[in-house]
Asks: 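First the structure, which I've put down as structure tokens, then a few questions once you've had a look.
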Number of protein chains: 4
Amino acid sequence: MCGIIGIVGKSEVASALYDGLTVLQHRGQDAAGIATVDGARLRLHKARGLVRDVFQRDDMLKLRGRVGIGHCRYPTAGSDDVGEAQPFYVNSPYGIALAHNGNLVNAEAISNELFEGDRRHINTNSDSEVLLNVLAHELQIQDRMSLTPDHLFKAVAGVHERARGGYAVVALVLGYGILAFRDPHGIRPLVLGERDTPEGKEYAVASESVALDILGFRRLRDIEPGEAVLLGFDGSLHHRRCADGYAHTPCIFEYVYLARPDSMIEDVSVYKARLRMGERLAAKIRRLRPDHGIDAVIPIPDTARTAASSLASELGVPMREGFVKNRYIGRTFIMPGQSERVKSVRRKLNAIDLEFRRKTVLLVDDSIVRGTTSKQIIQMAREAGATKVYFASAAPPVRYPNVYGIDMPAPAELVAHNRSEEEVAEALGADWLVYQDLHDLVAAVNEGNEELKNFDTSCFSGEYVTGVQSDYLRELEFSRSDEAKTLKRAS
Amino acid sequence: MCGIIGIVGKSEVASALYDGLTVLQHRGQDAAGIATVDGARLRLHKARGLVRDVFQRDDMLKLRGRVGIGHCRYPTAGSDDVGEAQPFYVNSPYGIALAHNGNLVNAEAISNELFEGDRRHINTNSDSEVLLNVLAHELQIQDRMSLTPDHLFKAVAGVHERARGGYAVVALVLGYGILAFRDPHGIRPLVLGERDTPEGKEYAVASESVALDILGFRRLRDIEPGEAVLLGFDGSLHHRRCADGYAHTPCIFEYVYLARPDSMIEDVSVYKARLRMGERLAAKIRRLRPDHGIDAVIPIPDTARTAASSLASELGVPMREGFVKNRYIGRTFIMPGQSERVKSVRRKLNAIDLEFRRKTVLLVDDSIVRGTTSKQIIQMAREAGATKVYFASAAPPVRYPNVYGIDMPAPAELVAHNRSEEEVAEALGADWLVYQDLHDLVAAVNEGNEELKNFDTSCFSGEYVTGVQSDYLRELEFSRSDEAKTLKRAS
Amino acid sequence: MCGIIGIVGKSEVASALYDGLTVLQHRGQDAAGIATVDGARLRLHKARGLVRDVFQRDDMLKLRGRVGIGHCRYPTAGSDDVGEAQPFYVNSPYGIALAHNGNLVNAEAISNELFEGDRRHINTNSDSEVLLNVLAHELQIQDRMSLTPDHLFKAVAGVHERARGGYAVVALVLGYGILAFRDPHGIRPLVLGERDTPEGKEYAVASESVALDILGFRRLRDIEPGEAVLLGFDGSLHHRRCADGYAHTPCIFEYVYLARPDSMIEDVSVYKARLRMGERLAAKIRRLRPDHGIDAVIPIPDTARTAASSLASELGVPMREGFVKNRYIGRTFIMPGQSERVKSVRRKLNAIDLEFRRKTVLLVDDSIVRGTTSKQIIQMAREAGATKVYFASAAPPVRYPNVYGIDMPAPAELVAHNRSEEEVAEALGADWLVYQDLHDLVAAVNEGNEELKNFDTSCFSGEYVTGVQSDYLRELEFSRSDEAKTLKRAS
Amino acid sequence: MCGIIGIVGKSEVASALYDGLTVLQHRGQDAAGIATVDGARLRLHKARGLVRDVFQRDDMLKLRGRVGIGHCRYPTAGSDDVGEAQPFYVNSPYGIALAHNGNLVNAEAISNELFEGDRRHINTNSDSEVLLNVLAHELQIQDRMSLTPDHLFKAVAGVHERARGGYAVVALVLGYGILAFRDPHGIRPLVLGERDTPEGKEYAVASESVALDILGFRRLRDIEPGEAVLLGFDGSLHHRRCADGYAHTPCIFEYVYLARPDSMIEDVSVYKARLRMGERLAAKIRRLRPDHGIDAVIPIPDTARTAASSLASELGVPMREGFVKNRYIGRTFIMPGQSERVKSVRRKLNAIDLEFRRKTVLLVDDSIVRGTTSKQIIQMAREAGATKVYFASAAPPVRYPNVYGIDMPAPAELVAHNRSEEEVAEALGADWLVYQDLHDLVAAVNEGNEELKNFDTSCFSGEYVTGVQSDYLRELEFSRSDEAKTLKRAS
């Protein structure tokens with residue numbers, strides 16, 4: 001995942017971009033970057049690390065200007081190279097800087113086309129560089145010195161024709177404005193806001209509405225699927241639908257885990273959606289085990305806390321904070337002549353024994369991916385004295401890879417891949433395991449906005465709204481396997 | 001506050017000290033240090049910053065040895081200088097490294113005595129350097145080449161005679177062992193644990209039991225007030241009461257705010273004590289306002305969550321996570337020609353409007369110190385649409401300085417200083433404000449261990465168990481004032 | 001000044017580029033960069049600082065590939081920004097990285113043309129970015145997927161048509177080779193070499209032949225004025241004259257000061273040219289003052305040593321190393337409440353009194369620019385006890401700005417600007433001052449290669465071989481003034 | 001080697017210490033440190049690296065005070081650990097910081113005594129820590145609160161009784177002054193100077209007089225062997241001979257290579273001594289080979305230049321700068337799959353072929369140690385076309401280890417160890433090799449100060465003025481061998 005933000009302001013904008021990125025940091029802690037327009041110059045600073053470490057005082061002072069975009073990255077298909085931090089920049093035509101959140105499923109094909117057809121060299125593994133060059137090419141072939149919004153929207157339409165996947169994009173076009181757009185299915189989120197200042201209206205776009213909240217921007221609306229919005233340097237606001245005929249299928253995983261609870265996505269409160277997930281899960285539990293005998297509902301902090309609270313309340317069982325999260329996790333150092341002794345989950349969580357001793361507990365997590373952590377947590381609960389350990393997942397079994405920008409392990413490493421729910425329960429060592437049903441998950445979100453009927457649910461269902469070629473999935477499986485990552489790190 | 005840890009192990013100990021410090025990091029994020037014994041050499045690395053930033057791979061590899069101590073610091077009476085990170089070291093006699101948590105109320109007097117009487121130069125403002133040199137002097141005057149536990153305990157008794165205040169200490173004496181001791185009133189916590197390994201028993205001491213938990217040490221007991229424990233390099237364990245006739249008065253603020261909920265201090269579960277604080281506060285609310293009309297109890301994350309949950313449950317009102325905490329706060333950059341626009345609390349917290357709109361909410365915090373944040377939070381709750389905003393503090397009004405190692409602002413900057421509860425409510429803009437009563441707070445802790453009858457409650461009561469000279473308090477008031485801090489930073 | 005290098009090798013080339021740059025470091029100590037071709041990827045690392053500081057082990061390991069270019073920079077018309085280190089890179093067409101030594105006198109005009117005509121945004125003040133984009137544009141308009149040497153040479157011809165100034169360029173064109181070329185007047189130097197390896201011939205180009213020497217390349221010849229050489233990735237070597245009808249006028253300042261003495265430029269040994277400068281200066285001295293009474297010739301280290309040695313020998317006077325150069329100059333720290341006490345030249349040089357006491361000394365420097373240092377040195381010689389202090393400059397009076405890549409101060413800050421030689425002598429405090437005559441300087445170089453009849457001597461003569469617009473000179477005067485630099489640093 | 005400096009000034013002293021250290025940097029480039037007295041506090045900053053890299057603006061600002069000492073280090077018997085940078089500090093008694101140049105031959109024995117007798121733990125391999133603790137102990141046993149110069153000199157006398165070796169020391173005693181002293185044989189140099197300021201006289205001591213020169217201090221005299229000088233904080237100057245009955249035997253290698261030519265050591269100009277070395281060597285050459293047929297004398301830059309110039313002039317042969325030194329040497333990077341191709345000496349030196357071609361050349365170096373570089377240089381001269389290559393060393397054959405602070409390789413790695421001069425010539429590949437005779441070297445120095453009759457010439461003669469135990473030499477041989485260094489680096 002990544003977080004993106006763009007602002008056309010009336011005064012210096014760098015500190016607002018910085019503050020916005022810290023609020024989007026949960027979407028990516030690997031690298032961060034900001035680009036601003038300082039007169040005729042593009043100012044750019046990006047590096048590996050957290051926002052607070054990447055930008056020092058001197059860097060900020062160089063990011064002059066009242067227009068800019070920002071990005072924080074969690075590596076997906078790209079590598080972990082420094083050079084692949086965003087925004088990316090090309091100087092021709094016009095000078096364009098671009099940052100995005102998402103993933104293309106045909107990046108390699110486009111990349112080849114770009115080189116062979118358009119003589120544009122793609123120097124990294126980053127989809128963003130591909131998107132940037134497609135956009136640049138679409139603007140270049142229009143061959144005009146002076147651009148109108150119409151030309152810019154035509155270029156975005158050209159991008160939609162070539163790019164396939166999930167993407168939300170902010171692009172600075174020097175001399176014109178910030179172009180913000182979402183893929184035709186609206187898979188990745190992007191929201192528009194405005195703020196009044198004595199000097200006039202300012203506009204902003206961001207991955208999540210929390211970034212607008214903290215900066216005092218009013219949330220206007222989500223950018224629509226396939227729509228592009230142009231925040232002109234002159235303060236104007238233009239928008240156009242640049243792709244049509246596609247189903248609107250936002251990523252349901254945003255509601256499950258990715259987004260902050262205080263965000264509104266597609267007019268649905270993430271927080272409320274999670275409360276509903278808990279309620280529906282409670283209903284299922286009551287249905288399946290009317291005499292569940294659960295003494296306490298215990299969330300795995302932090303994300304699952306919301307669903308767990310409504311689940312507990314619905315079940316009429318107290319919720320207890322049985323696990324304490326360590327906020328200051330360090331690295332694992334293995335000293336010469338030693339093997340690791342501390343279980344990795346113990347660096348992250350500690351159990352409060354009193355809440356487990358001689359109780360039947362229901363642990364609640366937002367989802368189960370590899371299962372490694374869940375297994376260790378269940379073990380911790382037993383060691384803390386629990387009589388029985390039940391486990392509930394607020395999302396259905398994760399069985400398929402995500403190809404729209406969420407970095408999941410290869411299918412073979414997903415605990416639910418090729419396993420029934422009972423087999424997963426056994427693998428995790430739980431006395432009972434209950435998953436949310438997919439239609440309940442969909443309903444929990446849909447209830448917040450009845451117009452929202454379809455979602456990208458591919459990691460649960462294996463159905464990809466954009467279509468995906470099978471060799472893409474095969475290659476992905478390899479590249480995301482632990483083996484591949486180990487090889488890469490070694491080289 | 002600070003966190004300390006010490007281990008005498010059977011194999012390399014640096015990574016365990018590192019892991020332990022990450023779990024104690026909530027007690028101090030300003031600086032960290034580790035000292036180990038590598039044959040006849042002391043290895044020491046310390047610096048400003050979080051544990052995860054202070055120790056890089058190369059630093060860790062140099063910290064060889066199976067015995068060591070660690071420290072993380074929140075600056076108290078000392079300055080924020082790099083040189084004042086702990087542990088401190090003197091090479092004569094024997095070579096001693098020391099780290100501590102706490103504060104002395106007669107450090108300046110001792111420091112003068114040390115120089116004039118003992119020709120020991122104190123080069124920093126740190127109490128730790130003072131304690132180290134008192135200990136060193138007490139060992140030096142015994143004038144023996146070969147030490148027995150008896151000599152070491154005699155030296156600790158000498159420390160207790162000279163030092164007045166709250167302190168928990170770990171000291172490495174080269175060639176002998178780790179000496180761990182607490183002040184005669186047992187104000188600051190220190191706990192002892194053991195772990196079995198194929199090579200034999202290992203011992204550890206730490207500020208909080210969570211550090212033992214994560215490393216797989218069993219908690220044996222708290223070090224007693226005035227007691228010293230010697231973890232010999234030979235694997236032996238010796239202990240002795242080195243001061244007598246003092247009341248046992250642990251710091252009650254550990255239970256309110258400082259300690260992690262999953263810690264046991266003086267055989268009292270911090271988590272359970274906080275639950276009881278919530279229950280007693282609920283009783284008071286019901287007593288004062290039987291028809292309180294509260295729609296939701298909303299904790300200020302993270303510490304207050306425990307007390308809020310029992311308070312809500314006791315009141316029969318739902319608890320809602322109305323505030324989301326930003327985990328990635330950055331610095332405040334003010335760009336040229338701009339003033340700050342974002343309220344500081346907005347960098348840390350965001351309100352979920354849905355939980356406030358048209359509701360009477362009870363916000364719960366662990367305590368109220370300056371009141372600045374509380375005031376902004378109450379304002380946020382109103383902006384989010386709350387009809388009425390009530391505020392509850394799980395601790396009584398904070399009205400006096402702490403002199404035993406907690407860095408509180410000068411009294412004049414405490415919102416409750418010289419104000420009645422009603423006046424505080426008005427100052428904060430709350431529709432109603434309710435504080436825990438001190439006897440309820442004491443009872444909430446005491447219920448967990450009935451032998452624990454007295455506490456250091458000085459910041460609530462203004463009573464100092466060790467006695468304090470009035471000019472000490474006067475000088476403290478100045479040194480902790482915002483003005484003094486501003487002056488210092490400028491110079 | 002800058003140093004450039006390019007190698008098409010048969011095996012990994014990064015360490016050779018690094019070694020080559022350390023030998024060219026005297027041409028620029030401000031920033032350094034290397035770009036290599038690693039399969040289809042361009043690897044690039046550049047930063048402020050000396051070569052030995054810019055490239056750490058990890059950086060080097062990323063610079064994979066058997067083809068690459070390198071650059072070290074002394075800031076000229078560009079600013080001192082990090083982003084302006086070279087090589088520069090554009091990804092369209094093909095992917096091109098470029099580094100150069102020199103300066104354009106019409107950069108601003110081209111830059112405007114590039115944006116308005118070709119929609120190429122120039123984001124820095126660097127001429128290299130301008131040259132790169134001109135080259136990119138000339139390749140782009142040929143609009144072909146597959147390039148032949150012919151297309152590449154045509155693009156270089158296009159560059160020569162638009163660019164006016166002195167420049168020596170290395171450009172990596174991905175998929176093709178390294179294109180190396182010099183401006184039509186051959187102002188800045190560039191030399192070609194080859195090396196035999198078991199895998200075949202390797203080619204290299206560099207600013208000075210010393211870089212070839214150290215790497216074991218044989219110097220083949222200088223690239224001719226207006227000529228381009230293509231070192232194909234396939235091992236081939238192509239060359240063509242891409243501009244005609246220009247006089248060949250290499251920069252004479254290379255021989256005076258810039259180049260290393262062990263370099264051959266235009267088949268002239270720099271070392272021998274300097275020896276001849278000394279001889280001709282000796283002849284002038286004997287002519288003007290047959291009874292000069294000089295007791296010792298004392299060079300200002302290091303450059304002047306060569307000319308001083310032949311001068312001394314020709315005069316029949318001993319040469320003495322009266323000044324010792326400090327190799328480890330630090331920065332100037334002015335502590336609070338203090339003004340600077342040490343004269344700046346004293347940080348760099350120390351006089352050996354014995355060589356001055358009661359002697360008539362002739363100090364010899366390669367040239368006199370601002371005169372500030374010369375004045376202090378003359379003062380030092382007097383304080384060391386010299387009876388009379390004569391001063392000789394191996395070059396004529398520097399009276400005009402250099403516009404072809406040498407960073408000289410604004411004319412008003414040149415001590416010889418608008419001053420007669422007698423007035424300069426007085427300004428410097430010398431008892432006698434003797435300058436080389438320009439025709440002698442030219443002869444000293446020309447004697448090494450009789451075909452070399454004309455030179456760029458503009459800083460002595462004010463004649464610019466390329467023509468320069470008067471407003472360019474006016475603006476240059478301002479931008480190089482101390483005042484402008486102070487303003488810039490402040491902002 | 002190391003460089004030391006100490007100043008008792010009337011105003012802020014840190015920048016003067018910094019400037020002084022840059023001028024002493026040739027004595028040690030491995031680490032640097034400064035300690036100042038700021039009221040009752042000692043300020044200390046030290047780290048690995050060159051002076052210009054170790055001290056940044058912030059570090060300098062913290063080094064407040066008008067009294068301080070500085071050090072730059074070339075590692076000798078100590079390790080290359082950061083913790084072993086100087087000055088060292090102990091806080092008891094009084095607070096003492098110490099830095100020194102030299103080496104003790106009985107450090108290990110003293111170190112054991114210190115621990116066993118005086119309970120002082122020595123935590124590093126550094127002799128300076130040993131010296132500091134001996135001094136501290138000698139002050140401690142006097143057991144007085146208030147010190148007079150007499151007590152301080154008595155403590156120095158105690159140091160001389162225990163320490164055996166060559167050492168020049170500056171020690172800050174808080175509250176009193178800077179104590180500067182030399183070992184009883186006066187092996188390592190130390191010079192005293194004074195400067196007048198409006199506020200009164202300032203005193204300084206330094207390893208070499210150049211450091212005084214650059215700071216505007218007048219050289220008063222060398223500290224005498226066994227003498228201690230006390231620069232009182234009150235501006236007073238006291239001195240006393242603290243050891244008697246020893247021969248004065250300064251290290252003759254200072255004149256050969258270590259010291260800067262512009263220094264005066266023991267009233268002998270290093271520069272003039274080197275000129276005389278050249279003259280005496282010329283006499284020997286004329287004696288041995290009246291028809292030497294030498295066409296040019298070529299110095300190996302930089303140190304040998306002085307001796308070579310007088311040698312050439314005495315022989316009546318021109319001196320030519322046939323080698324150009326690379327001032328910007330980088331590290332050696334070996335890329336994956338490659339072996340090193342460039343000879344190491346080629347990174348440092350380049351030959352100007354014209355000066356060698358078809359000539360009989362005499363290369364002159366200050367001394368020959370391992371011979372590796374000399375061999376490669378002779379090879380370079382041949383490749384540059386020399387007909388015959390003769391080699392002259394301004395010092396006699398180096399055959400024995402130095403134990404007084406110069407880091408020479410183990411004897412087995414000295415080319416002259418167990419080899420006759422002819423065998424060395426053959427090993428180096430020289431057509432003829434001529435060494436200075438030891439009595440000529442002694443005479444060349446002694447001529448500058450006839451009172452100076454004896455020297456430490458141990459690396460030529462194997463005679464150690466302090467006496468050395470044979471097992472010390474054996475262990476030294478191992479610890480300085482390449483093998484030992486390789487092992488150490490690996491661990």
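By convention in this document, chain letters (A, B, ...) are assigned in the order of the sequence lines, proteins followed by strands, and residues within each chain are numbered from 1.
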Asks: Take atom NZ in Lys359(D); do more than 12 heavy atoms of anything else shown fall under 6.0 Å from it?
Replies: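 For Lys359(D), atom NZ is crowded (more than 12 foreign heavy atoms under 6.0 Å).
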Asks: Heavy-atom pairs under 4.5 Å with chain D - which of Gln25(C), Arg57(C), Met264(C) has more of them than the others?
Replies: Gln25(C)
Asks: With a 4.5 angstrom heavy-atom cut-off, is it the side chain or the backbone of Arg305(D) that approaches chain C, or both, or neither?
Replies: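 When you check distances to chain C, only side chain atoms of Arg305(D) fall under 4.5 Å.
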Asks: With a 4.5 Å cut-off on heavy-atom pairs, point out which of Asp353(C), Ile352(C), Val51(C) contacts chain D the most.
Replies: Ile352(C)
Asks: Is there a side-chain contact between Arg346(C) and Val23(D) (heavy atoms, below 4.5 Å)?
Replies: no
Asks: Name the region of Leu21(C), side chain, backbone, both or neither, that has any atom closer than 4.5 Å to a heavy atom of chain D.
Replies: neither
Asks: Roughly how far, to the nearest 0.5 Å, is CD1 of Ile214(D) from NZ of Lys348(C)?
Replies: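 Those atoms lie 11.5 Å apart.
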Asks: Would you please go through residues 321-329 of chain C and name the residues with a non-hydrogen atom below 4.5 Å from one of chain D, in numerical order?
Replies: Glu321(C), Val324(C), Lys325(C), Asn326(C), Arg327(C), Tyr328(C), Ile329(C)
Asks: Can you tell if the side chain of Arg331(C) reaches within under 4.5 Å of the side chain of Phe55(D), non-hydrogen atoms only?
Replies: no
Asks: Just so I understand: if I count every heavy-atom pair under 4.5 Å between each of Asn350(D), Leu275(D), Asp53(D), Val210(D) and chain C, which residue has the most?
Replies: Asn350(D)
Asks: Of all heavy-atom pairs between Leu354(D) and Ser269(C), which one has the smallest distance, and what is that distance?
Replies: CD1-OG, 3.0 Å
